Each structure stands twice: as C-alpha cells, then as structure tokens.
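Worksheet: the structure to be examined is printed underneath.
Bear in mind that the values here come from a model prediction, so they are computed numbers and not experimental data.
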Amino acid sequence: MKEEFKKIAENLIDSMTLEEAATQIRYDSPAVESQGIPEYNWWGEGLHGLARAGTATVFPQAIALASMFDKELLKKIADVVSTEARAKYNESIKLGDRDLYKNITMWSPNVNIFRDARWGRGQETFGEDPYLTSRLGVAFIKGLQGDGKYMKAAGCAKHYAVHSGPEASRHYFDAKVSEKDIEETYTPAFEAAVKEADVAGVMGAYNRVNGEPACASQELIVKRLRQKYGFEGYIVSDFLALMDFHENHKVTANIVESAAMALKAGCDVNAGFVYRHIMEAYEQGLVTEEDIRRAAKSAYAVRAALGMFSDDCEYDKYGLFDIDTEESAELSYEASIRSVVMLKNDGILPLDKDAIKTIGVIGPTAASIAVLEGNYNGTSSRYVTNLQGIRDKVGKDVKVLYSEGSHLFENKVQNLAKDDDRLSEAEMVARNSDVVILCVGLDSTIEGEEGDTGNAFAAGDKVSLFLPESQKKLIDRVLSVGKPVVLVSNTGSAIDYSIEDERCGAILQSWYSGQAGGKALADILFGDACPSAKLPVTFYKDGTQPPIDDYSMKGRTYRYLESEPLYPFGYGLSYTSFEYSDVDVIKDGDIVSVEVTVKNTGTVKGVEIAELYIDKLPEDKLSNGLNADTAELDKLLDPSNQPKYSLAGFETISLNAGESGKVVFKLSDNAFDTVLEDGQRVKLKGEYKIFVGGQQPDKRSEALTDSRCLSETVTV
C-alpha cells in the first residue's frame with residue numbers, strides 16, 4: 001500500500017471520534033458527517049463478471065476460465081470486471097444508491113484449492129493445483145486493480161485459508177491439516193496474491209484450522225499473513241463468520257468476546273454484525289482504542305487507494321456505456337470457446353452440417369440459462385443457450401428437434417408428473433435425428449454455496465460424482481436408440497462419466513459457460529472453432545476419493561493420486577495435433593528456464609497449452625549427499641508423502657496448420673523446493689527430471705504418441 005494512501009487514512013481516522021472510527025470497520029459503514037464522508041458498503045462480487053448488481057458481462061465460471069490456462073486472457077477479463085464495477089459504482093452514487101454489490105471492493109478471486117470434487121463451491125476456484133491457482137490468481141488481481149495512480153477496483157483473495165468444504169458443516173468444522181500441506185498446497189496462492197499482486201484484501205474462512213477460527217487465527221493471520229508475507233491490506237471476515245465464534249466453534253462466550261477476538265487477531269472489516277458491539281468490547285477492556293483505529297486505518301487506506309477521498313481519480317469517467325459493451329461481449333465469447341474441454345472424440349466431431357438433415361438436442365441443460373451463469377453471477381442482456389446456439393448455427397439448412405428429456409434432478413415435491421415424464425419424448429427425438437447433442441449436467445441450484453442452493457442434497461456439495469438419477473435414466477434411454485451421441489456437460493466440477501465415455505461418440509466439458517456459451521458450443525461442434533482447453537481438476541472415478549472432511553492431501557489431486565483417474569489434470573483433446581521437440585534447459589546461476597519447439601502437425605489452426613512438470617527426486621537419491629544435514633533431513637522428509645510431480649509452468653501458443661513456434665518457460669525461484677513435514681521449504685541438491693508436453697506425464701500421455709511428454713534433466 002502506497003504511503004500517501006496510508007497517510008490520508010491516518011489523518012481521516014485520527015480526526016474522528018472513537019465512536020465514529022468504530023463504525024468504519026463494519027462492512028456496511030455508515031456516513032461520517034463530521035468528515036463529509038458518505039456511507040460505504042464493502043460487499044462487492046466479481047468472480048467471473050460483476051455480480052449481483054444488475055446488467056453486466058457474464059463470463060464463464062472461474063473453473064472454466066482456469067481451463068484456458070491463459071494468464072493474459074484472464075487478466076483482460078478481470079480488467080472488464082473492474083471497468084464495469086467502476087461504471088456501476090459511479091452511476092449508482094449519482095443517484096444516491098450506495099447499496100451492497102454496487103461498489104469497487106470486489107470480494108474476488110476465490111483462490112482456495114479444489115481438493116475434493118464433491119465440494120459445491122469448487123466451481124468458484126481456479127482448480128486443484130497450487131501453482132496454476134497462484135498464477136491465475138495473480139493475473140486476475142492485477143487485472144482487477146489495474147496499474148494507474150489509483151486502484152481501479154480492490155481485489156480480495158479468499159477464503160483464507162484451508163477451506164474447501166464440506167459446506168454443511170463449515171460453520172463449526174475444524175480442518176485438521178499438517179504444516180506441510182498448509183505450506184505446499186493451501187497457502188501458496190495467497191502468498192503470491194500478497195507478494196506479487198499486492199492484493200488489497202484477504203477474506204477469512206468460516207471454519208477453524210487446527211483449532212483456531214480462520215478469521216482470528218494467530219498462526220494464519222498474525223504469523224503467516226502479516227509477518228511472513230508482509231501483507232498490508234485489509235482483512236475481512238466471511239459474512240457472519242464471526243458469529244460462529246460463540247455460536248458454533250464455541251471459542252468465545254458471547255458476541256462481545258467474538259468481536260474482541262477477531263479485532264485483536266487483525267480482522268479489519270466485519271462482514272456481518274459482530275463489530276456493532278465493538279464499543280462494548282472497548283468498554284469492557286477487551287480491546288483498546290489503538291486496536292480500533294488501527295483496523296479503521298487499514299480499511300481507509302484501501303478506500304484512499306481507490307480514490308474515494310480525492311477528486312482526480314482517472315476512473316471517475318466510467319459510466320453506463322462502459323457496461324455490457326460489444327467488446328466485452330466478444331471477450332466473453334472468446335473465453336467460452338477457450339474454456340471448453342474435449343474429453344473424448346471418436347471422430348464424430350466436428351459435425352458436417354452438409355451431411356446432417358436432423359439434429360436432436362436433448363437434455364435439461366440444453367435451454368437453461370442457469371448453466372451459462374454459475375454462481376456469483378451477473379445478469380446478461382444477451383444469453384445464448386446451447387439449444388439457441390445450435391439453432392443459430394444450422395439456420396434453416398438443418399431441422400432441429402428438442403426435448404428437455406428429464407428434470408435436472410429428482411423432484412422432491414410430490415406432483416402429478418413423474419420424474420421420467422419426458423423420457424418418451426426424448427426417445428422420439430433421438431429416433432428421428434441423425435445425430436443427438438445430449439445436454440446434461442448440474443447448475444447452482446444443485447452445487448454451490450451452503451444456503452444458496454435450492455436442494456437438500458448436501459448443502460451444495462455433491463453426494464457422489466455421478467449425475468442425478470433422472471439424468472442417468474435419460475442418458476441410458478437416448479443411447480439405447482443407437483444414434484450417434486455427443487454428450488455436452490455443463491457442470492462446475494468433475495463428474496464420473498465412465499459409462500458415457502464407453503458409449504458416447506464425443507464428450508465436451510463446457511462448465512458453466514458464460515453468456516455466449518451456446519454460441520461457443522455450436523462453433524466447436526461444427527468445427528468453426530478448435531477446442532484447446534485442458535482440465536484444471538482431475539476427473540475421478542466415484543468412490544476413489546478420501547472422505548470430504550479429511551484435509552490431508554494424500555490420495556488427492558494429480559500430485560498425490562494413487563488410483564487411475566477417468567480424465568487426468570491437464571488433459572484435453574483438439575481437432576489438430578501438436579508435436580514437441582528440441583527441449584533446451586538453460587541455467588543462469590540459480591535461474592532455470594526451459595525452451596521447447598511446438599509444431600502444429602494437424603490440418604487446422606489451433607491453440608496449444610504447453611505444460612511443464614518437475615518430478616521429485618527418486619527415493620534412492622534422497623539421502624545420497626543431497627543435504628548437509630542428512631540425519632535431520634531424514635526425520636522430516638517422508639518420501640511417500642511427496643508429490644510424484646508438480647506443474648511448474650504453462651504457456652499458450654497459437655499455430656496455423658504446419659506452423660512451428662518456440663515456447664519459453666521461466667521457472668520460479670521455488671520450483672525445485674521440497675516441503676518437509678514441518679512445513680519447512682528446502683532446496684535439495686541433486687538431479688531433477690523436467691517434463692514438457694501437451695499434458696502431464698501420466699500413463700495416458702505415454703500411450704499417446706502425439707501428446708507424449710519430452711523429458712530432460714537439470715542439476716540443482
């Protein structure tokens with residue numbers, strides 16, 4: 001935080017009475033009439049577009065944006081989010097509307113690790129890998145905050161930390177986790193957000209972590225975030241999280257003690273109502289005047305950095321015509337195309353429009369707007385559903401038949417219609433079609449945040465990795481007809497498509513695909529766009545994951561997975577093929593970079609995502625003179641609890657058919673670090689293997705000649 005903004009905040013807060021200052025650490029901060037400062041509500045959302053504030057550009061959900069593996073494109077998207085947030089804020093305050101969501105403090109991005117495929121809020125994240133999440137989180141925050149004199153919008157990395165379900169018990173759950181997993185998996189994205197992106201805010205989580213409430217954790221907030229990372233921005237609680245201190249976690253006796261505990265730990269802004277009792281805590285001697293003013297100054301430094309107390313902010317010019325523009329719509333459409341992952345293709349795709357007379361579009365997500373939106377979304381003025389996109393693409397040349405086919409999930413309320421009342425219609429459509437586009441999946445009424453979802457499955461989490469029974473019946477009925485089927489999946493998480501993989505000609509993972517999702521889908525189906533996205537999460541087979549409340553990384557994500565996945569992290573097919581050659585590892589002191597040549601060996605233009613992984617040292621070398629303190633190292637290094645390899649670089653390259661290009665990876669300083677059981681990072685001396693290719697170096701990669709990872713070694 002710039003010193004000039006800290007000084008503005010200091011002067012303003014010191015000019016207030018203590019009672020006035022105490023009101024400014026609430027998320028719904030009232031006006032301070034003595035200073036001429038209007039009210040301000042801190043709660044803004046910008047996960048994948050300005051959310052909950054009316055009309056805005058709706059981009060694909062965060063998990064879909066992660067599948068692009070594209071830092072620069074994501075930064076552009078975040079820049080649009082902040083532009084629209086500024087514009088809405090400027091126009092709203094002209095009319096005296098200072099309500100929540102119409103502001104410029106975005107409580108985004110969500111950089112939690114999607115460690116369990118059943119977690120409903122996993123759709124809000126950038127996937128399961130700490131490196132990918134870190135790089136994308138930094139890019140998103142930089143896009144939000146801009147690089148001007150003032151911050152364009154304030155980013156907020158959430159939910160700090162060790163938070164990824166279960167939703168049903170998050171208000172009283174205690175995540176038991178090792179120091180190794182905290183350092184290696186759960187916090188790198190937050191550290192990067194602070195040190196590389198200078199993020200304005202960090203939001204605490206609901207749950208406890210090793211016994212401490214996350215929003216008042218001495219270990220996480222004081223020792224790690226403030227002291228180790230040097231974070232100078234504001235810390236905000238998750239909404240109503242401080243109430244959990246006394247109501248659910250039982251670490252305080254009442255609301256006043258909860259207010260004191262949070263403030264003492266460094267929580268600057270309370271999303272909720274606990275800080276309305278902060279003066280009671282002061283009167284009881286539980287907090288000091290210095291505690292209150294410190295928090296208020298932290299909050300006001302952010303407001304000053306946003307230009308709220310100045311008359312020369314360059315972003316005051318934005319207005320209504322900067323929202324929902326043609327340019328932002330085109331960017332959303334590009335993101336929708338770039339985020340579709342082709343999981344299977346037996347040659348059925350792309351479809352030949354000239355060879356098809358009738359297309360059957362079947363399924364409960366075909367005409368759904370909800371699957372374009374995901375959660376924490378805005379409202380678009382230009383939605384294109386899967387069905388509409390296909391209709392628009394084929395025009396009058398091809399007959400399009402449609403059937404909803406089934407309900408999204410089994411009806412919980414008794415009515416006259418049965419759950420399978422659309423199955424016969426779906427069969428009619430399939431029988432009379434040359435090819436079927438079978439649109440299945442979930443939406444935010446099924447998976448999402450506890451309290452937001454409309455079902456009682458698991459408070460927003462999934463109970464299994466299978467689709468709801470109603471859709472399984474539909475799939476079986478349609479496939480039994482025997483027509484060629486392309487399965488389109490709109491979900492925010494991994495689904496077990498083992499059966500469908502055997503029986504469908506192609507499978508496309510479209511996620512929650514954004515306002516232009518249907519248009520992008522149609523372009524890919526008919527070959528006007530080439531799929532390029534890769535999975536930011538592992539698609540597991542159901543029953544292979546540990547219990548959802550087990551926070552150990554053992555058996556989780558591609559780095560620690562022992563069973564065979566259905567589709568691995570980093571996997572995705574294309575209409576073209578790419579060949580890797582001439583890997584060159586360059587060492588300049590401690591700095592390592594890797595260069596590789598990529599050639600499009602197919603017949604169409606395509607975007608390739610080049611992935612680089614570093615293999616950890618084999619077990620027989622771990623104590624072979626790699627570190628001076630061998631005896632001490634052996635106590636703290638468990639070879640069975642180390643990742644088999646980890647993503648350490650990714651770059652995108654667009655190539656025409658037959659064209660070659662060079663990709664350069666610049667490895668981070670900690671790329672070769674090993675995290676010991678006590679959370680200590682060490683750089684073991686020895687020989688490391690580096691893999692470069694179109695996916696991770698797993699068995700599937702080795703079986704595919706076109707995608708096989710090349711390997712080189714480097715001595716560190």
Side-chain angles (χ1 to χ4, degrees), residues 60 64 67-68 332-369 371-372 383-405 426 429-430 432-441 475 478-479 481 483-491 497 500-501 503-535 572-576 602-607:
S67 70
M68 302 186 306
S332 179
Y333 162 67
E334 180 184 356
S336 293
I337 287 178
R338 290 284 305 280
S339 60
V340 176
V341 186
M342 186 159 68
L343 299 176
K344 179 186 178 182
N345 184 22
D346 66 0
I348 187 175
L349 294 179
L351 299 175
D352 183 355
K353 188 168 64 173
D354 295 332
I356 298 171
K357 294 181 179 179
T358 305
I359 293 178
V361 181
I362 301 172
T365 62
S368 169
I369 288 178
V371 300
L372 306 179
Y383 291 110
V384 182
T385 65
N386 294 345
L387 175 62
Q388 189 61 50
I390 293 168
R391 281 195 190 280
D392 292 345
K393 174 62 65 177
V394 300
K396 296 180 180 179
D397 298 333
V398 178
K399 177 69 175 177
V400 177
L401 302 175
Y402 166 66
S403 172
E404 182 183 18
V429 169
N432 287 278
S433 300
D434 297 318
V435 63
V436 172
I437 311 300
L438 185 52
C439 299
V440 298
I475 293 171
V478 170
L479 288 172
V481 174
K483 296 297 181 71
V485 172
V486 176
L487 187 81
V488 175
S489 170
N490 285 108
T491 69
Y497 286 124
E500 292 79 6
D501 186 80
R503 300 179 66 187
C504 295
I507 300 177
L508 297 176
Q509 178 64 32
S510 290
W511 310 105
Y512 298 136
S513 53
Q515 64 184 41
K519 184 176 187 292
L521 172 65
D523 283 346
I524 286 178
L525 286 172
F526 290 94
D528 292 323
C530 181
S532 62
K534 304 292 180 74
L535 290 178
L573 303 176
S574 172
Y575 290 152
T576 190
T603 58
V604 297
K605 181 180 180 179
V607 172

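- Annotation for G405 and A426: closest pair CA-CB, 3.9 Å, computed over non-hydrogen atoms.
- Here the NZ-CG distance, from K534 to L573, works out to 9.0 Å after rounding to the nearest 0.5 Å.
- Put simply, the side chain of D523 never gets that close to the backbone of L525: no donor and acceptor are under 3.5 Å apart.
- In this structure, CZ in R338 is found 4.5 Å from OG in S532, a value given to the nearest 0.5 Å.
- Contact record, I348 with A506: CG2-CB, 3.6 Å, taken as the closest heavy-atom pair.
- A side-chain contact (heavy atoms from CB on, under 4.5 Å) with S510 is found for one member of N490, L372, N386 and no other, namely N490.
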Subject >> Criterion side chain to side chain contact (heavy atoms under 4.5 Å, CB included) on Y497 and K344, from CA distance to verdict >> reply: CA-CA 11 Å; Y497 286 124; K344 179 186 178 182; over 6 Å; no
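- Rounded to the nearest 0.5 angstrom, K483 NZ and I362 CD1 are separated by 10.0 Å.
- Nearest heavy atoms, K605 versus C530: O-CB, 3.6 Å.
- In this model, no donor atom of one side chain and acceptor atom of the other lie less than 3.5 Å apart for Y575 and N345.
- L401 and S433 make their closest contact through CD1-OG, 4.0 Å (heavy atoms, listed as atom of the first residue, atom of the second, distance).
- Electrostatic pairing of D392 and K519 does not count as a salt bridge here, judged by no charged N lying under 4.0 Å from a carboxylate O.
- No side-chain donor-acceptor contact under 3.5 Å links W511 to the backbone of V340.
- Partner of V485 under the side-chain contact (heavy atoms from CB on, under 4.5 Å) criterion, out of I437, V435, L438: L438 alone.
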**OP:** Take V400 and L387 through the test side chain to side chain contact (heavy atoms under 4.5 Å, CB included) and record every step on the way to the result.
**Re:** CA-CA 9 Å; V400 177; L387 175 62; 4.1 Å; yes
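- Distance check, rounded to the nearest 0.5 Å: OG of S368 to OH of Y383 gives 10.5 Å.
- A side-chain N or O of T491 and one of Q509 form a donor-acceptor pair less than 3.5 Å apart.
- D501 meets the side chain to side chain donor-acceptor pair (under 3.5 Å) test with Y567; sequence neighbours excluded.
- Here CG of L521 is found 10.5 Å from NZ of K393. Values are rounded to the nearest 0.5 Å.
- With rounding to the nearest 0.5 angstrom, the CG atom of L349 is 9.5 Å from the CD1 atom of I524.
- Minimum heavy-atom separation, V394 to K353: CA-CD, 3.8 Å.
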Original post:
What do the steps show when you test L508 against L487 for side chain to side chain contact (heavy atoms under 4.5 Å, CB included), and what is the final call?
Top reply: CA-CA 6 Å; L508 297 176; L487 187 81; over 6 Å; no
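- Under the side-chain contact (heavy atoms from CB on, under 4.5 Å) rule, V398 has a single partner from I359, L351, D354, which is I359.
- Closest approach of G514 to S336, counting heavy atoms only: CA-OG, 4.3 Å.
- Using a distance-only test at 3.5 Å, with no hydrogens or angles considered, a donor-acceptor pair links the side chain of D434 to the main chain of T358.
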Original post:
Could you walk me through whether V429 and V361 pass the side chain to side chain contact (heavy atoms under 4.5 Å, CB included) check?
Top reply: CA-CA 8 Å; V429 169; V361 181; over 6 Å; no
